[in-house]
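First comes the structure, then the notes that go with it.
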Amino acid sequence: MLDMKRIRENPEEIRRGIANKNERDRLDELLAFDARRREIIVEVESLKNTRNTVSQEIARLKKAGEDASGRIAEMRRVSDRIATLDAELRETERGIESIAWHIPNMPHPSVPIGRSSAENVEVRRWLPDGVLGLTAAAEGLLDHMELGRRLGILDFERGAKVSGSGFPLYTGKGASLERALINFMLDLHIEHHGYTEVFPPFLVNSAAMRGTGQLPKMQEDMYRCADEDLYLIPTAEVPITNIYRDEILSADELPISLCGYSACFRREAGSYGKQTKGFLRVHQFNKVEMVKFTTPDASYEALETLVRDAEDVLRALRIPYRVILLCTGDMSFASSKTYDIEVWSPGESAWLEASSCSCFEDFQARRANIRFRPTPKSKPEFVHTLNGSGLATSRLMVSLLENNQTREGSVVVPEPLRPYTHFDTIG
RNA sequence: GGAGAGGUGGCAGAGUGGUUGAAUGCGGCGGUCUCGAAAACCGUUAUACCCGUUUCGGGUAUCGAGAGUUCGAAUCUCUCCCUCUCCGCCA
């Protein structure tokens, strides 16, 4: 959600932003609604002022035992007119909302302008020694599905039987490894990066979905309960960011850094034909999410820290990765600036997105109405929100299994995970 | 799922048709007092939107949400939502 005043005063700036984000431009329609809205307000509020004043007069007349029927008849006509105008005002505001909720966040000036992922910019990469397939020979390497099958740790067929394709089933040491990864990442962020852990609900209401920007635009991408106003979360960003919806925080509480585990559910409607095998694109996966609430002056510095916090996981596990700065056209609806972290998959000979770290400035805060008082006396302002995956396990698991496989077909568990798994190798 | 109670400002809590944006208390902020602090006392303290001669002034709305009755609704009526307690069921 953008500030209506900002749209009114800088329509061309907003128009550019919408175009750069490959979104539909309905600004002229919006501005017409906005002008009409203010026209109605001027008229209706002056009528209400009359009504309030005269109503008090009527009260005085009645108390004094005098006749007020003339004034009452007059006010009946005024009230009728008010009712008509109020109805039109509601209609106009509905029109404004139907457009305004679909206007994307504006990209930060540091974001490269581009139409697709081809114009994203690689910021840095980190490769441990002897990365398979990228700096060393790839022959004879197995991909994660083959490894999972041979080692008996992943069972995609039975997962599909139970739920459908895209619902992975982890078995034995695979399940333990998954759980170890989650706990390792949470502990790292809590103990070394200063986050407070939360364990959020996995179903949220529509107000929460609107708050972070999933609704109304992404309706088709989400699982929704038929009989209740509840959606399965596509990311823990939604419940965690909405923790402070409709609240006014005090400045000394900020920044707030939360992290939490959740399962994530995505319909991925319309993504058939893209990379869908194995773990590459699934309907349910696990993720540790980091969320920050900051003052407006601190948000972009916080974004850099957030990315580093996610990278630390990969460095500790010695997983090769690169950091990508997304161009305007590849960024999500709500984001001002996004870094993706991609891990190397020797099995696919491809980089896989395992994390997305974004600054939303006050876009989500406006929608979710999350504010803070800079000083105890000052007016509330919107906070800035950020979030990043730290990280999603499914593609991380792909990279972990494939990069740690031996020529004998077993997988070596990275040292930092062993206190959690209680085993060193699989197979 | 059944029965009951309740939703009012940052919090607690009055208020059952007419200067009630809302008593009172707590908290916050400013001040007096003090070497300083505490206590006490005094003052102040919601948010959003609209208009204008725009660090200021005026107006409108908001007492869970929506609709209705009325000249006028926190207050009366209806619908919905939420929270709590008890019972049932259940990990």
Side-chain angles (χ1 to χ4, degrees), chain A residues 1-9 30-101 199 201-211 215 224-231 239 242-254 256 263 293 362-363 365-383:
Chain A
M1 192 68 123
L2 298 178
D3 184 4
M4 196 58 223
K5 208 172 297 167
R6 179 179 169 196
I7 299 175
R8 196 185 297 146
E9 286 162 10
L30 179 66
L31 291 169
F33 273 128
D34 177 58
R36 179 59 190 145
R37 170 175 174 266
R38 283 176 298 148
E39 224 170 76
I40 298 170
I41 285 174
V42 170
E43 187 182 349
V44 80
E45 289 195 350
S46 123
L47 287 173
K48 284 179 178 174
N49 183 16
T50 306
R51 183 175 70 183
N52 289 343
T53 314
V54 176
S55 283
Q56 284 180 17
E57 195 190 323
I58 291 170
R60 271 197 305 276
L61 288 171
K62 288 204 160 182
K63 211 170 272 176
E66 294 174 35
D67 175 42
S69 55
R71 301 305 256 166
I72 289 176
E74 192 188 324
M75 284 310 102
R76 196 170 289 147
R77 282 194 300 277
V78 170
S79 281
D80 281 351
R81 178 66 184 151
I82 288 173
T84 309
L85 287 173
D86 270 343
E88 197 191 336
L89 182 61
R90 269 197 305 277
E91 208 44 50
T92 308
E93 287 182 337
R94 250 195 291 276
I96 288 172
E97 273 172 27
S98 70
I99 299 172
W101 284 93
F199 206 131
F202 292 0
L203 279 76
V204 298
N205 55 34
S206 55
M209 284 296 192
R210 261 195 307 281
L215 284 179
R224 151 168 110 256
C225 296
D227 299 322
E228 284 177 89
D229 178 34
L230 287 172
Y231 293 78
N242 276 281
I243 288 174
Y244 297 111
R245 176 151 48 92
D246 293 322
E247 290 194 28
I248 301 174
L249 306 165
S250 68
D252 53 15
E253 291 177 83
L254 300 174
I256 295 172
F293 304 82
D362 64 1
F363 189 82
R366 275 179 192 284
R367 293 178 153 239
N369 193 28
I370 306 169
R371 293 174 292 175
F372 76 105
R373 261 182 235 282
T375 70
K377 297 280 278 181
S378 54
K379 275 170 66 79
E381 291 177 30
F382 291 108
V383 301

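Throughout, a chain's letter reflects where its sequence line sits, starting with A, and its residues are numbered from 1.
For RNA chain B, the stems formed by at least three consecutive Watson-Crick or G-U pairs, with both atom-pair distances below 3.5 Å, span B:1-7 with B:81-87, B:10-12 with B:24-26, B:27-32 with B:40-45, B:46-52 with B:56-62, B:64-68 with B:76-80.
No engagement by A:Arg60 is indicated, since no non-hydrogen atom pair under 4.0 Å with the nucleic acid exists.
Of the charged side-chain nitrogens involved, none lies within less than 4.0 Å of a carboxylate oxygen, so that A:Arg90 and A:Asp86 do not count as a salt-bridged pair.
Using a 4.0 Å cut-off, no side-chain N or O of A:Arg366 falls inside it from OP1 or OP2 of B:A48. Within the structure, every side-chain polar atom (N or O) of A:Arg38 is placed at least 4.0 Å from both OP1 and OP2 of B:C49.
Closest approach of A:Arg367 and A:Gly211 over heavy atoms only: CB-O, 3.3 Å. The shortest non-hydrogen separation linking A:Ala368 to A:Arg245 is O-CG, 3.1 Å.
Donor-acceptor pairing under 3.5 Å is lacking for the side chains of A:Asn205 and A:Asp229.
Nearest-nucleotide positions on RNA chain B for A:Ala73 and A:Arg37 put A:Arg37 closer to the 5' end.
A search for side chain to side chain contact (heavy atoms under 4.5 Å, CB included) contacts involving A:Leu230 returns A:Leu203, A:Cys225, A:Glu228, not counting sequence neighbours. In this structure A:Ala59 satisfies the side chain to side chain contact (heavy atoms under 4.5 Å, CB included) test with no other residue, sequence neighbours excluded.
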Output a table of nitrogen or oxygen pairs between the protein and nucleotides 43-47 of chain B separated by less than 3.5 Å.
unit_1, atom_1, unit_2, atom_2, d
B:U47, OP1, A:Arg373, NH1, 2.9
B:U47, O3', A:Arg371, NH1, 3.0

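Less than 4.0 Å separates RNA chain B from at least one heavy atom of each of the following residues of residues 74-81 of chain A: A:Met75, A:Arg76, A:Ser79.
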Note to self: For a quick check, with a 4.0 angstrom heavy-atom cut-off, what is the B/S/- contact string for nucleotides 56-66 of chain B, read 5' to 3'?
What the structure shows: ---BBS-----
